[in-house]
Amino acid sequence: MSDFEFIPTVEQRENSNIFKFMKINNVSTLKELSHKANSDLGQFWKDVEKYFAIEWDKPYQNVLDVSKGLPWCKWFVDGKTNIYKSSVEKYCKLYPNKTAYTFVSEDGRISKTTYSDLDKKVSKLANALKSLGVQKGDVVAIYLPMIEESILAILASAKIGAVQTVIFSGYSSESLQIRLHDCKAKILFTSDGFQRKGKLISQKKTVKEATKKINIKKIIVPYKGIDSYEKSDDVIFYNDLILHQSESCSTEITDSQDPLFILYTSGTTGKPKGVVQVHGGFSVFAAYQAGFLIDTTENDVVLWPADIGWITGLVWNVYGLLLSGASAVIYDGALDYPNFNRIWEMLQEFKATIFGISPTAVRLFKKNNIQPLNLYLLDKIKNIPTTGEPLDEDSWRWLYEKVGNKKIPIMNLSGGTEIGGAMLSVFPGMKLKPTTVGIPCPGMNLDVFDEKGNSLREENGFLVVKSPWPAMTRGLLNDNQRYLDTYWSRFENIWFHGDYVLVDSDGLWYMKGRADDVINVSGHRMSPAEIEQTAISHEKISDAASIAIPDDITGEAIILFIVQEGNKEPGLTAEISDFISQKIGKLARPKLVFLLSDLPKTRTGKIMRRLLKAKLLGLDLGDLSPLENPQVLEEITKLD
């Protein structure tokens, strides 16, 4: 018996972008494509660039320059291109009346913007920014919820060659201030409040605190009326700013190496890392990600509730989407408000063909026994991408069965902000097993190493990248040494990503958690993901996290934190401890099991295990800015 759960149809394979690309290049399999790419990276990425028709004001002279070393490589050297020309500007000419975005607010308001309207609105804002003195290379900070002005601010910045930094709208004043200071932002877009789960959320106090001692020239506020702002030399209302601006604005000619955006990703300790992406490499990589990984075309409608403050949102809701000429539904609200039907209603109403969802959201729907196919017609969906954290098998099966009706591939993928998107992904036409993240993206030369740098298969090991790729971050803003120490110091001329992975006998890859989270009990290395997924497979458990603490006898001991499904039951922690031991082995038996109301997570749903460990051991908690639910930590008592 094959253990492949999903077998693609001929149509699913042959109608995909990547199959068409393979056919043009006389390649018959994904394995062959990866081999061909790795043997000549320059030619491969040149072919990708041509396939997606990136527009150049001046053709590049060399695809790849590694003369300063792999960490400092350059792509599409001496070319002139602005990502705006290859996206909005191109499709405004091709499909002016096609809907680019449908914006849906939590209170039910809906507005649509065509590609033609989008170009006009972006141009008005671009002219307005220039009237404020914003020049090429200046940094524009965007601290907004998922509303139309957010997208316009991103695109207007790109159009005039300014550098945008999108900052998640739920961050605290301290988190906002750190980022504004680090990137030396000149302009700040903020809202005067928004709604979440029916409650009015203010940003005014946060912004006021964050901008103390920060040299922000102007604060631009889309006026909605929740917070009360007064116009001043520093504060400008968005509508007043664009009122008399022209709908025509020439797009700045930018070099391939000119910065496009700075996006911050949290480190395990210390200040957040400023990842830098540039126009040339990111244009090609974002088009590749949208076109090949989730098979976006100009006929698709994408509904992926991924915030633009994260790389997922920037790739698949903004740049990758618009480089494909597709449409997106942007929802500014909670997925479970006013009830669990909201997201499924939108999928049906707007005939979404690509539905993206995080593992955290999947577990929320699964926990509440939601059966969307019993109520809604979701037959337009062709692909279901998911990312953000490892996807456990029960959640994979729920998504595959309850949403995909066992006919739609789960496009599980994994990457990072510093990657510029995903580096591992399921691709159209692949046979799938539960939880797999597919294969390395062709053109990304991935491997699995042991401690000594030997290549591994069918064993857990470290995820590494052996060659550069177009969207590799250009260092870390203001901290190049940290960049080298973080990614290039473990193995010589090898990118060490910090993930623990496994490749099975069929060549499918699986995420096993962060390398620095690996647990070593009596010399036996175990991944937290394996322990957690086993715990979650128990019918009484909805979520789990495992960590290691020092142990005098075994070196390290396993500590498990669980979130219960349903009402509390006496003796559950002992029952789960026995369950783990039976399923994995006695070495995996947790030393302690803690029952929590929830797990500490970031806004993207990633479990912050370092905080669980620090709280338990009485250590300094460090940077709490990414944490969405800090109150959970109060449920943990320090060990004596």
Side-chain angles (χ1 to χ4, degrees), residues 268-269 359-360 363-364 366-367 389-390 392-395 500 512-514 516-522 524-603 605-624 626-640:
T268 53
T269 58
T360 297
R363 286 195 290 271
L364 176 68
K366 178 174 68 73
K367 178 181 178 180
E389 58 180 314
D392 62 275
E393 185 169 341
D394 283 355
S395 297
Y500 212 47
K512 296 296 181 178
R514 294 292 294 170
D516 50 9
D517 291 331
V518 170
I519 300 170
N520 191 330
V521 180
S522 299
H524 296 267
R525 297 171 67 84
M526 285 173 279
S527 75
E530 181 181 10
I531 298 165
E532 292 161 6
Q533 290 181 18
T534 300
I536 292 170
S537 70
H538 192 287
E539 61 182 5
K540 297 176 184 176
I541 303 303
S542 63
D543 215 345
S546 60
I547 63 168
I549 63 169
D551 186 272
D552 291 339
I553 298 172
T554 59
E556 288 186 329
I558 297 167
I559 306 295
L560 182 66
F561 299 85
I562 56 173
V563 179
Q564 187 171 350
E565 186 109 45
N567 298 324
K568 289 186 177 180
E569 294 184 20
L572 180 62
T573 57
E575 181 181 341
I576 298 304
S577 185
D578 291 340
F579 182 74
I580 299 291
S581 180
Q582 291 164 11
K583 290 289 185 179
I584 301 178
K586 291 181 180 179
L587 276 168
R589 179 186 289 276
K591 183 174 183 177
L592 293 169
V593 179
F594 290 89
L595 184 61
L596 302 179
S597 62
D598 199 359
L599 298 176
K601 293 181 179 180
T602 67
R603 275 87 179 176
K606 291 183 180 179
I607 299 168
M608 297 196 72
R609 294 176 186 82
R610 72 167 178 85
L611 293 180
L612 290 170
K613 186 171 184 175
K615 181 68 175 177
L616 198 62
L617 297 179
L619 304 175
D620 180 17
L621 296 180
D623 179 21
L624 293 178
L627 190 59
E628 185 174 41
N629 51 351
Q631 70 280 359
V632 172
L633 296 174
E634 300 305 315
E635 299 175 22
I636 303 169
T637 304
K638 177 189 170 185
L639 290 177
D640 294 330

Show, in sequence, the C-alpha distance, side-chain angles and deciding distance for L612 and L596, and conclude whether the side-chain contact (heavy atoms from CB on, under 4.5 Å) test is met. CA-CA 11 Å; L612 290 170; L596 302 179; 4.2 Å; yes

Within this structure, what is the OG-CD1 distance for the pair S395 and I536, rounded to the nearest 0.5 Å? 6.5 Å

Tell me which one of L611, I636, L633 satisfies side chain to side chain contact (heavy atoms under 4.5 Å, CB included) with L616. I636

What is the minimum heavy-atom distance between A535 and L560, and which atoms define it? CB-CD2, 4.2 Å

Short side-chain to backbone donor-acceptor contact, S537 and T534, under 3.5 Å: yes

What is the ring orientation for F579 with H538, classed by angle as parallel under 30°, tilted 30 to 60°, or perpendicular over 60°? perpendicular

Spacing of CD1 belonging to I547 relative to CZ belonging to R609, to within rounding of 0.5 Å: 10.0 Å

Would a distance-only check, ignoring hydrogens and angles, find a side-chain to backbone donor-acceptor pair under 3.5 Å from D598 to V563? no

Over all atoms of both residues, closest heavy-atom pair of P390 and P359: O-CB, 4.2 Å

N/O donor-acceptor pair under 3.5 Å between R610 side chain and L621 backbone: yes

So CD of E565 and CD1 of I541: to nearest 0.5 Å the spacing works out to 8.5 Å

Here the pair of heavy atoms bringing E393 nearest to Q533 is N-OE1, 4.3 Å

For residues E556 and D551, determine if any side-chain heavy atom of one lies less than 4.5 Å from a side-chain heavy atom of the other. no

For S577 and V593, work out which heavy atoms get closest and say how close. CB-CG2, 4.2 Å

For the CD1 atom of I562 and the CZ atom of F594, what is their distance to the nearest 0.5 Å? 11.0 Å

Pairing of K367 and D543 as salt bridge, 4.0 angstrom limit: no

When rounded to the nearest 0.5 angstrom, what distance separates CD1 in I559 from CG in L592? 4.0 Å

Validation row: L627, N629 side chains within 4.5 angstrom (heavy atoms): yes

Would you find a donor on one side and an acceptor on the other, under 3.5 Å apart, between the side chain of K615 and the backbone of E634? no

Can you measure from CD1 (I584) to CZ (R589) and round to the nearest 0.5 angstrom? 11.5 Å

Do E532 side-chain atoms and S546 backbone N/O form a donor-acceptor pair below 3.5 Å? yes

